[in-house]
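Here is how names work: the chains are called A, B, and so on, in the same order as the sequence lines, proteins then strands, and each is numbered from 1.
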Amino acid sequence: MKLGVVVFPGSNCDTDCFYALKEVMKVAVDYLWHGEQARDDYDCIILPGGFSYGDYLRTGAIARFSPIMRSVAELARKGRLILGICNGFQILLEAGLLPGAMVRNISLQFICKYVNIKVEQNHTPFSNFSKSVLRIPIAHGQGNYVIDAHGPAELEEHQQILFRYCTPEGAVTREANPNGSIGNIAGIVNRERNILGMMPHPERCSEAQLGSADGKLIFESIIRYLSA
Amino acid sequence: MPERTPLSDPAITMELVSDHGLSEEDYNHIKEILGREPSFTELGIFSVMWSEHCCYKSSKLLLKTFPTSGQRILQGPGENAGVVDIGDGLAVVFKMESHNHPSAVEPYQGAATGVGGILRDIFTMGARPIAMLNPLRFGNPSIAWNRYIVNGVISGIADYGNCVGVPTVAGDIYFSDSYNGNPLVNVMCVGLMDKKDMTLACARTSGSYVVYYGNATGRDGIHGATFASEELSEDSQERRSAVQVGDPFMGKRILEATLDLIRARVVEGIQDMGAAGLTCSTCEMAGRGAKGIEIDLDCVPQRAENMSPYELMLSESQERMLAICPRDKIDQVREILTKWDLECCILGTVTDDGLMRVKHGGRVVAEIPAAKISDDSPVCRREARTPEYLNRLTKFDPAAVEPPADYNPALLELLAFPTIASKRWVYEQYDHMVQTNTVVSPGHSAAVLRIKGTNKHIALSCDGNGMYCYLNPYIGGMITVAEAARNVVCTGAEPIAITNCLNFGNPEKPDIFHQFAECIRGIGDACRELNTPVTGGNVSFYNENQGEAVFPTPVIGMLGVIDDPQWITPSGFQDEGDCIVLLGPEVTHLGGSQYLYQRMKVVVGPCPEMHLETERKVQAVCREAIRAGLVKSAHDLSEGGLAVAVAEACLRSERQLGAVITMNAQLRLDIALFGEAQSRILMSCAPSSLDSLMQLAKVHNVTARKIGTVRGERLIINRSVDLSIASLQEAHHTVP
Amino acid sequence: MIHAKVHVTLKPDVMDPQGLAVKNALESLDYKTVSRVSIGKYFLVDFDSSDREAVEADLEKMCKQLLSNPVIENYRYQLEDGTQ
Amino acid sequence: MIHAKVHVTLKPDVMDPQGLAVKNALESLDYKTVSRVSIGKYFLVDFDSSDREAVEADLEKMCKQLLSNPVIENYRYQLEDGTQ
Ligand SMILES: Nc1ncnc2c1ncn2[C@@H]1O[C@H](COP(=O)(O)OP(=O)(O)O)[C@@H](O)[C@H]1O
Ligand SMILES: [Mg+2]
């Protein structure tokens with residue numbers, strides 16, 4: 001099993017993802033430079049958080065043209081797992097690998113704090129665990145997910161909504177929505193369920209010392225899927 | 001303002017000299033150094049290098065009195081940042097800077113470029129920045145303009161720090177009319193490195209290349225250093241050249257590229273172009289290595305057209321770096337820079353003649369003995385005089401203020417007072433978790449970060465109560481250090497070194513210089529007693545608005561080390577039934593308290609006292625008690641006194657525990673609850689640990705009293721305070 | 001040299017938190033008659049070329065590809081010959 | 001109803017990192033003739049008023065106060081009568 005963490009200029013959660021996979025999950029992981037192609041033997045590619053190209057223009061808008069994104073699309077087509085976290089999610093949206101777009105948080109402010117997310121589906125490679133509410137940090141200025149008018153219904157229909165912001169008890173309420181995201185959406189998958197984009201940061205909560213280890217559940221699920 | 005073509009350099013008149021902030025004496029000195037009249041470009045170079053901001057002419061004699069050495073100190077003041085040995089082959093690099101004037105004019109960009117600048121100071125030493133702190137002082141938030149400054153500064157800091165991926169883990173914010181129109185924006189950065197990677201800003205080998213990388217040079221920020229060395233006035237806006245704009249994406253790339261260069265061992269010295277840009281970086285690097293530097297300005301990447309040598313040398317465009325690179329390493333340097341999409345521009349070489357020689361269009365436009373610019377810079381012995389206001393203010397007897405009729409609203413109002421209220425609304429705008437080292441987040445006594453790959457943690461705090469320093473600059477100076485150390489001790493750390501930023505008014509005024517001199521004496525004495533040497537810092541003078549100086553505001557950034565993760569101690573209560581213990585001396589008056597400031601709207605009364613020996617002992621008890629496993633929570637008492645500390649300890653407990661406090665009836669309750677006596681720590685411990693804790697205090701001859709119990713869902717103090725935790729919460733989270 | 005001016009605006013039904021915030025701010029500053037604010041981007045792009053057709057073709061492509069996000073934004077542009 | 005179109009652009013000497021990043025991106029996408037990109041803001045402001053003079057006075061004020069940052073930006077605007 002081999003995982004890769006992409007490094008774009010301006011990525012800044014690349015080392016955090018790398019550390020969580022290597023030191024906490026103890027799996028084989030490489031950095032993949034944005035200017036190169038990824039070899040065919042990667043089972044899972046992670047697009048980390050940060051500010052690729054400074055997020056100048058629009059989040060993810062420039063990074064999606066990086067050469068590595070061609071391999072990412074190719075590997076995705078072959079059914080390999082792709083996980084976009086925060087800026088990685090934004091890049092996947094700009095690249096059209098996931099539907100919708102991001103606009104600024106309703107408060108117009110960057111928000112860094114712990115939130116709760118409800119796990120809506122257990123039958124994806126990323127969420128094969130029983131815990132239904134995760135405590136996990138967000139850190140973004142543009143996590144306000146938007147999609148065209150019939151988008152939400154389509155996402156529902158194909159069970160593509162994986163995470164929604166919720167209360168600690170699991171209620172999906174307006175107050176629990178930190179950024180204005182439509183339907184409290186915090187993470188979605190493609191119809192084939194091998195690409196996940198999520199705003200919260202599982203790599204920031206994979207050790208109890210950091211305040212929560214719920215993020216580890218997501219990585220464990222991926223590893224279980226890949227070793228099956 | 002200078003002409004834009006080199007061919008029409010203005011003639012040098014005494015008026016031009018004085019417009020450059022240089023005295024006749026300075027000018028004669030320049031002629032002596034050069035053995036001739038300076039060229040226009042040379043005049044510009046001397047003017048920035050001899051500005052207060054760059055050469056510390058008013059402060060350097062006094063700064064020499066700071067204790068700066070110690071076993072752990074690898075690099076004291078004088079380099080880009082201080083370096084401290086934390087064991088395991090690792091070193092922490094840290095430094096604080098001010099960006100007050102730029103932030104007054106353009107709060108967003110002023111603060112953002114401040115962050116960019118302090119980051120560069122850290123990574124040029126070879127360290128990866130791992131944390132930022134930002135002490136901020138704003139004017140009265142009920143004035144719309146001040147709120148505009150607050151929002152601009154905070155989003156400027158957030159946008160830059162978040163983008164480069166360095167967590168902002170602590171800070172402090174005070175609001176006072178004293179900072180109307182002249183906010184203080186101090187930024188501190190902390191880096192971590194392998195001791196072997198330490199790189200100095202020094203040109204050592206003649207023949208080595210002088211390499212420029214980063215953003216192109218424009219006409220922005222010319223005379224920024226001079227601007228920082230005068231009072232703000234109505235036409236400050238006009239006098240400035242184009243405002244500098246921060247480019248965090250470039251900041252991030254030069255950070256990564258610089259660390260790559262250093263780890264590949266292909267450069268012998270690096271300095272960023274901060275204040276005084278190309279001028280400062282070239283002559284300081286040459287000066288430190290007793291070498292010369294020759295550069296050709298035609299090789300400088302330029303963003304604007306027809307820039308004169310004067311402008312090129314003085315521009316303060318952001319995100320620019322200068323490296324000294326041995327000739328045989330240039331290809332590797334180019335390769336690393338290219339990887340990060342940076343151009344490698346060779347401006348010139350290091351020479352043996354000790355001269356800084358600047359060429360432009362084939363002509364030599366400046367030729368100055370490099371070391372002399374720093375070594376021979378002017379020194380001013382400023383006059384100090386005890387300000388008259390001190391007698392007036394300290395004569396006031398705060399006991400004459402009536403106690404509140406009802407303590408419940410009094411406490412709630414105090415908790416909601418902008419300076420005391422929770423700063424969550426601020427630190428949630430900062431990414432404080434990136435790099436996954438933040439073990440204790442903002443919102444506690446001090447931030448704690450783990451050092452991956454070791455058991456070690458570091459604790460960081462910044463503090464500086466300008467009001468105390470205004471009331472008594474000597475004691476205020478001591479308190480600033482003591483409080484910062486106390487905050488760090490409460491988390492379980494041992495304080496080991498400080499950096500500082502000294503924000504004062506116009507040093508040419510004897511009153512102000514008295515404040516400055518006394519604060520320095522206080523800081524120095526406290527650092528000696530607490531064994532926390534000064535590793536560096538920054539002085540910001542001329543913080544005045546319409547002739548009124550801001551409070552004398554020294555800010556201390558404290559570094560502490562925790563060798564065993566089990567010592568890490570939270571500031572909030574942990575378990576129902578735990579004993580609440582107050583460590584430290586009795587409070588005797590309300591002088592200098594936020595409570596008085598809120599009620600009377602004036603700064604009055606004697607400053608709280610500070611006995612350094614008591615402080616040291618209290619901290620020792622706290623540290624030893626923590627190491628002995630006796631302490632469940634520790635929180636230092638500061639603004640707002642005991643009542644606010646207890647309320648915060650309730651609010652910071654995960655389960656929002658209440659407390660029942662019984663205060664000794666001999667003292668006036670308002671003084672006991674809101675007085676800001678120093679050297680006090682609020683602790684909680686299991687009932688079974690109480691005796692040992694008391695015993696430990698006794699051994700050290702430190703007063704300790706059990707004042708209550710963690711219990712229920714309300715805060716109850718004698719018969720006077722009875723409030724639900726929810727109501728405390730609501731008050732404390734008021735956003736100004 | 002050809003100058004292009006490109007306007008990129010949000011599609012009408014896409015949420016515009018920034019426009020909303022500016023409208024609210026204007027209201028609280030007592031500009032009572034403002035009924036709507038929307039915020040877009042304005043690009044000035046200079047081309048080192050005198051081939052108007054080629055430039056226009058390029059511009060059309062780059063608007064779709066990079067300057068706008070077709071999921072949420074519309075664009076329009078004008079070309080001007082410049083001499084500068 | 002009056003519509004206003006406001007353009008806010010950076011002053012010439014002020015650095016424009018965004019414009020630079022877009023220019024570099026366009027270059028690497030092989031748009032070889034692009035020589036400069038600068039990025040500004042574009043506001044559409046609707047006024048519920050037919051008093052053109054009052055609107056213009058308001059607009060001038062709000063541009064200075066809120067829509068632009070006079071320290072680093074310039075602004076200009078046009079008014080249009082609308083019916084919509
Ligand atoms: N500007 C800021 N940036 C980040 N954190 C801040 C800022 N201001 C205050 N904080 C955090 O809020 C908490 C309370 O601040 P303060 O009242 O200064 O604490 P203390 O009195 O214990 O020094 C601290 O954890 C501090 O780090
Ligand atoms: Mg404090």
Practice task
Sort out for me which of A:P137, A:P9, A:C112 touches chain B most, counting heavy-atom pairs under 4.5 Å.
Solution key: A:C112
Problem - Donor-acceptor side-chain pairing of A:Y56 and B:D247 below 3.5 angstrom - result: yes
Problem - Separation between OG1 of A:T15 and NZ of B:K452, rounded to the nearest 0.5 Å - result: 6.0 Å
Problem - Structural part of B:R450 lying under 4.5 Å from a heavy atom of chain A - result: side chain
Exercise for the section: Could you please spell out the steps behind the side chain to side chain contact (heavy atoms under 4.5 Å, CB included) verdict for B:K339 and A:W33? Expected result: CA-CA 10 Å; B:K339 176 183 174 201; A:W33 185 244; 3.7 Å; yes
Handout entry: Proximity breakdown for B:V166 and chain A, heavy-atom pairs closer than 4.5 Å
Key = neither
Practice task
Flag yes if more than 12 heavy atoms outside B:E730 fall under 6.0 Å of its CD atom; otherwise flag no.
Solution key: no
Practice task
Tell me, for A:Y53 versus chain B, whether the close heavy atoms (under 4.5 Å) come from the side chain, the backbone, both or neither.
Solution key: both
Completion exercise
The interface call for A:Y114 against chain B, heavy-atom contacts under 4.5 Å, is both
Handout entry: Heavy-atom proximity to chain B below 4.5 Å, by part of A:Q109
Key = side chain
Problem - Residues A:R204, B:D431: salt bridge by 4.0 Å N-O rule - result: yes
Problem - Neighbour count above 12 (heavy atom, 6.0 Å) for B:E713 CD - result: no
Practice task
Check whether any side-chain heavy atom of B:V434 sits under 4.5 Å from a side-chain heavy atom of A:C13, and report yes or no.
Solution key: yes
Handout entry: More than 12 heavy atoms from other groups under 6.0 Å of NZ on B:K632
Key = yes
Exercise for the section: Please look at A:E23 and chain B and tell me whether the side chain, the backbone, both or neither of the residue comes under 4.5 angstrom of a heavy atom of that chain. Expected result: neither
Problem - CZ (A:F129) with more than 12 external heavy atoms under 6.0 Å - result: yes
Problem - Student check: side-chain heavy atoms of A:K113 and B:H432 closer than 4.5 Å - result: no
Practice task
Give, for atom CG of A:L108 and atom OG of B:S155, the distance between the pair rounded to the nearest 0.5 Å.
Solution key: 10.5 Å
Fill in the blank from the handout: The interface call for A:S11 against chain B, heavy-atom contacts under 4.5 Å, is backbone
Exercise for the section: Please examine the side chains of B:T436 and A:L210, heavy atoms only from C-beta on, and report whether any two atoms are closer than 4.5 Å. Expected result: yes
Fill in the blank from the handout: Between B:C163 and A:G54 the two heavy atoms that sit nearest each other are SG-CA, 4.0 Å
Practice task
Measure from NZ or CZ of B:K252 to the centre of the six-membered ring of A:F51 and say whether it is under 6.0 Å with the direction within 45° of the ring axis.
Solution key: no
Exercise for the section: Count the heavy atoms of every other residue, nucleotide or ligand shown that sit under 6.0 Å from NZ of B:K456, and state whether that count exceeds 12. Expected result: yes
Handout entry: From CZ (B:F249) to CD1 (A:I62), nearest 0.5 Å
Key = 7.5 Å
Practice task
Could you tell me whether B:Q566 atom CD has more than 12 heavy atoms of other residues or ligands within 6.0 Å of it?
Solution key: no
